[in-house]
Engineer: 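The structure under discussion is supplied below as structure tokens; questions concerning it will follow.
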Number of protein chains: 2
Amino acid sequence: MGRWPAGAQERLQEAAIELFTERGYERTRVAEIATRAGLTERTFYNHFADKREVLFPGQDRFIADIREAVVAAPAEQAPLDAILAAFTAGSDWFDQRREAAQRRRRILDAHGDLRERERAKTAALGEGIADALRTRGVCDPAATLTAAVAVAAHQLAAARWSADPRHGALKDHLRDSFEELHRTARTW
Amino acid sequence: MGRWPAGAQERLQEAAIELFTERGYERTRVAEIATRAGLTERTFYNHFADKREVLFPGQDRFIADIREAVVAAPAEQAPLDAILAAFTAGSDWFDQRREAAQRRRRILDAHGDLRERERAKTAALGEGIADALRTRGVCDPAATLTAAVAVAAHQLAAARWSADPRHGALKDHLRDSFEELHRTARTW
DNA sequence: ACCAGCGATTGCAGTCTCTGAAATCACCGT
DNA sequence: ACGGTGATTTCAGAGACTGCAATCGCTGGT
């Protein structure tokens with residue numbers, strides 16, 4: 001390790017969340033985030049591609065994990081079941097960060113630029129899953145369509161989990177959402 | 001009308017497409033687009049919210065049209081049928097612009113920023129349709145899920161239409177995609 | 001102990017996107 | 001003729017982001 005205090009990336013993320021909450025996303029300069037984290041603006045850009053990206057830590061890792069889990073699922077498992085299992089596998093991590101997720105969501109919802117980035121990430125997740133399904137031998141258009149509904153169900157589950165006053169586990173909301181997906185699909 | 005030549009917006013769009021094709025999106029300055037259109041940079045920003053938006057003319061109008069068409073569809077029509085009908089209604093407009101659509105697609109695919117904007121527009125379309133379905137009395141989660149698959153099917157149809165060497169009409173690709181959607185949904 | 005390599009951080013200069021405010025211009029109806 | 005109107009322009013500036021070179025001090029080899 002170097003001589004600098006470790007965890008620069010994490011410090012930048014925390015500083016960003018604080019400032020975005022205090023003053024809003026637009027009124028916060030990148031230089032301010034860096035200063036609060038004890039770093040410089042230039043260093044911020046060494047860690048994040050742009051100002052928005054600081055609010056999506058580990059998102060690419062998450063997408064890659066889901067993709068790999070879907071690819072590695074048992075061959076006899078139905079596509080939607082494999083995807084549900086993949087989502088469920090990592091759901092504890094989120095349960096331990098409910099409050100942070102809510103803070104983050106409030107910031108995201110308040111600004112169009114950030115929603116745009118989130119939508120892009122969501123779309124990337126869908127494409128990743130579609131890729132994984134193709135690797136499993138599911139061919140288009142089923143791969144694309146299945147990935148799309150799965151992501152929609154995941155979004156739904158995440159929204160309910162975040163708003164749930166009873167603090168139910170994410171995996172339970174996922175189970176419910178996928179269950180409702182099956183019911184809804186029967187009407188199509 | 002004013003003393004200025006009409007169609008400033010269209011001229012800016014054409015100039016942008018030309019320059020993006022010649023030099024690429026990143027290497028083209030907004031000021032250059034404006035100059036080629038016989039205008040100034042500031043005027044560009046009077047017409048478009050940002051540099052990307054020049055590649056999405058009328059997209060918001062399209063989304064609004066689809067939403068209204070879905071709301072206005074016969075009450076006895078199934079949600080997916082209403083959406084398919086809405087897409088089909090405006091499909092001629094696209095058929096008359098195949099080549100422009102392909103040029104545009106090549107630019108979009110070449111740059112991440114632009115794909116991000118496109119994904120945001122697609123997501124907005126989905127949310128608009130979900131809203132329309134709720135107006136029709138379809139309640140969540142069915143509204144959200146149905147809108148999501150419909151948009152996915154639309155994307156699929158558009159992609160095939162654009163790549164179709166036989167120049168088939170968009171409405172036919174839409175019909176096929178929604179047909180396949182029904183078949184796929186049965187396996188869920 | 002000395003030194004070269006290395007990774008993280010920094011300073012700086014510069015480009016480009018995007019915005020706000022005020023001015024200009026010619027057409028319009030009165 | 002005259003003010004209203006709407007599109008365009010000018011100007012000045014903030015702020016996001018990048019390229020490049022320099023710095024710092026830890027690490028391992030000698």
Side-chain angles (χ1 to χ4, degrees), chain A residues 1-20 22-57 60 107-108 110-118 120-121, chain B residues 1-20 22-58 60 107-108 110-118 120:
Chain A
M1 293 295 156
R3 69 182 191 87
W4 295 276
Q9 201 146 327
E10 289 71 20
R11 259 156 42 227
L12 285 167
Q13 288 162 16
E14 288 166 23
I17 298 249
E18 286 174 20
L19 285 165
F20 291 166
E22 291 171 18
R23 301 188 217 171
Y25 173 80
E26 286 196 291
R27 301 174 48 75
T28 303
R29 330 263 130 263
V30 172
E32 293 174 322
I33 300 171
T35 301
R36 181 168 296 204
L39 297 165
T40 63
E41 181 177 10
R42 192 64 185 83
T43 304
F44 178 96
Y45 286 108
N46 287 339
H47 287 281
F48 303 101
D50 57 44
K51 186 181 171 186
R52 309 172 183 179
E53 203 63 15
V54 73
L55 282 169
F56 299 86
D60 296 336
I107 299 170
L108 255 49
H111 204 73
D113 276 6
L114 296 171
R115 277 204 305 273
E116 181 170 11
R117 175 58 52 85
E118 192 191 16
K121 296 284 188 188
Chain B
M1 291 296 154
R3 69 182 188 86
W4 293 276
Q9 201 145 327
E10 288 72 20
R11 259 155 43 227
L12 286 166
Q13 288 162 15
E14 287 166 24
I17 298 247
E18 286 174 20
L19 285 165
F20 291 165
E22 292 171 17
R23 303 189 214 170
Y25 173 80
E26 287 196 291
R27 301 175 46 75
T28 302
R29 326 265 131 261
V30 172
E32 293 174 320
I33 300 171
T35 301
R36 179 168 296 204
L39 297 164
T40 63
E41 181 177 8
R42 192 62 182 84
T43 304
F44 178 96
Y45 286 107
N46 287 340
H47 286 281
F48 303 102
D50 57 44
K51 186 182 172 186
R52 309 172 184 180
E53 204 63 15
V54 73
L55 281 169
F56 298 86
D60 297 336
I107 299 170
L108 256 48
H111 202 73
D113 276 7
L114 295 171
R115 277 204 306 271
E116 181 170 13
R117 174 59 52 84
E118 191 190 17

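Labels below follow one simple rule: chain letters A, B, ... track the order of the sequence lines, proteins then strands, and each chain is numbered from 1.
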Engineer: Are side-chain heavy atoms of B:Y25 and B:L19 found at a separation under 4.5 Å?
Structural biologist: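 A side-chain contact is absent here, since even the closest heavy-atom pair is not under 4.5 Å.
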Engineer: What contact category does A:T40 fall into here, base, sugar-phosphate, or nothing, at under 4.0 angstrom with non-hydrogen atoms?
Structural biologist: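 If one applies the 4.0 Å heavy-atom cut-off, A:T40 turns out to touch the sugar-phosphate alone, with no base involved.
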Engineer: In whole angstrom, what separates B:Y45's OH from C:dA21's C1'?
Structural biologist: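 Nearest whole value for this atom pair: 18 Å.
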Engineer: Check every strand shown and say whether A:N46 touches a base, only sugar-phosphate, or nothing at a heavy-atom separation below 4.0 Å.
Structural biologist: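 The answer is base, as A:N46 lies within the cut-off (heavy atoms under 4.0 Å) of a base atom.
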Engineer: Rounded to whole angstrom units, what separation is found between the CD atom of A:E53 and the C1' atom of D:dA16?
Structural biologist: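 After rounding, the reported distance stands at 15 Å.
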Engineer: Expressed as a whole number of angstroms, how long is the span from A:E41:CD to D:dC17:P?
Structural biologist: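 The distance from CD of A:E41 to P of D:dC17 comes to 9 Å, rounded to the nearest Å.
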Engineer: Would you say that A:R52 contacts B:E116 through its side chain, given a criterion of any heavy-atom pair below 4.5 Å between the two side chains?
Structural biologist: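 Side-chain contact under 4.5 Å: yes.
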Engineer: In this structure, how many angstroms lie between the P atom of D:dA16 and the CG atom of A:L19, rounded?
Structural biologist: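 After rounding, the gap between these two atoms is 12 Å.
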Engineer: In whole Å, what is the span from the CD1 atom of A:I33 to the P atom of D:dC17?
Structural biologist: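 The distance from CD1 of A:I33 to P of D:dC17 comes to 10 Å, rounded to the nearest Å.
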Engineer: When you get a sec, tell me which of D:dC17, D:dT8, C:dA21 is the closest nucleotide to the side chain of B:T43?
Structural biologist: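 Between D:dC17, D:dT8, C:dA21, the one nearest the side chain of B:T43 would be D:dT8.
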Engineer: What I'd like to find out is whether the side chain of A:E53 reaches to under 4.5 Å of the side chain of A:H47, using heavy atoms alone.
Structural biologist: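 Counting from C-beta outward, A:E53 and A:H47 never come under 4.5 Å.
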Engineer: Which salt bridge (Lys or Arg N to Asp or Glu O under 4.0 Å) pairs, counting each pair once, include a residue from residues 37-51 of chain B, with sequence neighbours left out?
Structural biologist: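 Residue pairs with at least one partner in residues 37-51 of chain B: B:D50-B:R117.
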Engineer: The test is salt bridge (Lys or Arg N to Asp or Glu O under 4.0 Å); show your working for B:E22 and B:R36 and say whether it passes.
Structural biologist: CA-CA 13 Å; B:E22 292 171 17; B:R36 179 168 296 204; 3.1 Å; yes
Engineer: Is B:H47 close enough to D:dA7 that one of its side-chain N or O atoms is under 4.0 Å from OP1 or OP2 there?
Structural biologist: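 So the side chain of B:H47 is outside the cut-off, no N or O lying under 4.0 Å from OP1 or OP2 of D:dA7.
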Engineer: Please figure out whether A:R42 or B:A8 has its closest DNA chain D nucleotide nearer the 5' end.
Structural biologist: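 Of the two residues, B:A8 wins.
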Engineer: Side chains of B:L39 and B:F44, heavy atoms from C-beta outward: is any pair under 4.5 Å?
Structural biologist: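 Not touching, per the 4.5 Å side-chain cut-off.
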Engineer: Grab the CZ-P distance between B:F44 and C:dT17 for me, whole Å please.
Structural biologist: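 Spelled out: CZ on B:F44 to P on C:dT17 is 9 Å.
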Engineer: Rounded to whole Å, please give me the gap between CG in B:D113 and C1' in D:dC17.
Structural biologist: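 After rounding, the gap between these two atoms is 12 Å.
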Engineer: Can you check side-chain contact (heavy atoms from CB on, under 4.5 Å) on A:F48 and A:Q13, steps first, answer last?
Structural biologist: CA-CA 10 Å; A:F48 303 101; A:Q13 288 162 16; 3.8 Å; yes
Engineer: Need one value for B:A31: base, sugar-phosphate or nothing, where a base atom within 4.0 Å counts as base even if backbone is also close, heavy atoms only.
Structural biologist: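 Contact class for B:A31: none.
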Engineer: For A:D50 and C:dT17, give me the distance from atom CG to atom C1', rounded to whole Å.
Structural biologist: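 In whole Å, C:dT17 C1' lies 14 Å from A:D50 CG.
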Engineer: Show each protein N/O and nucleotides 13-16 of chain C N/O combination with a separation under 3.5 Å, one pair to a line.
Structural biologist:
unit_1, atom_1, unit_2, atom_2, d
C:dC16, OP1, B:R29, NE, 2.8

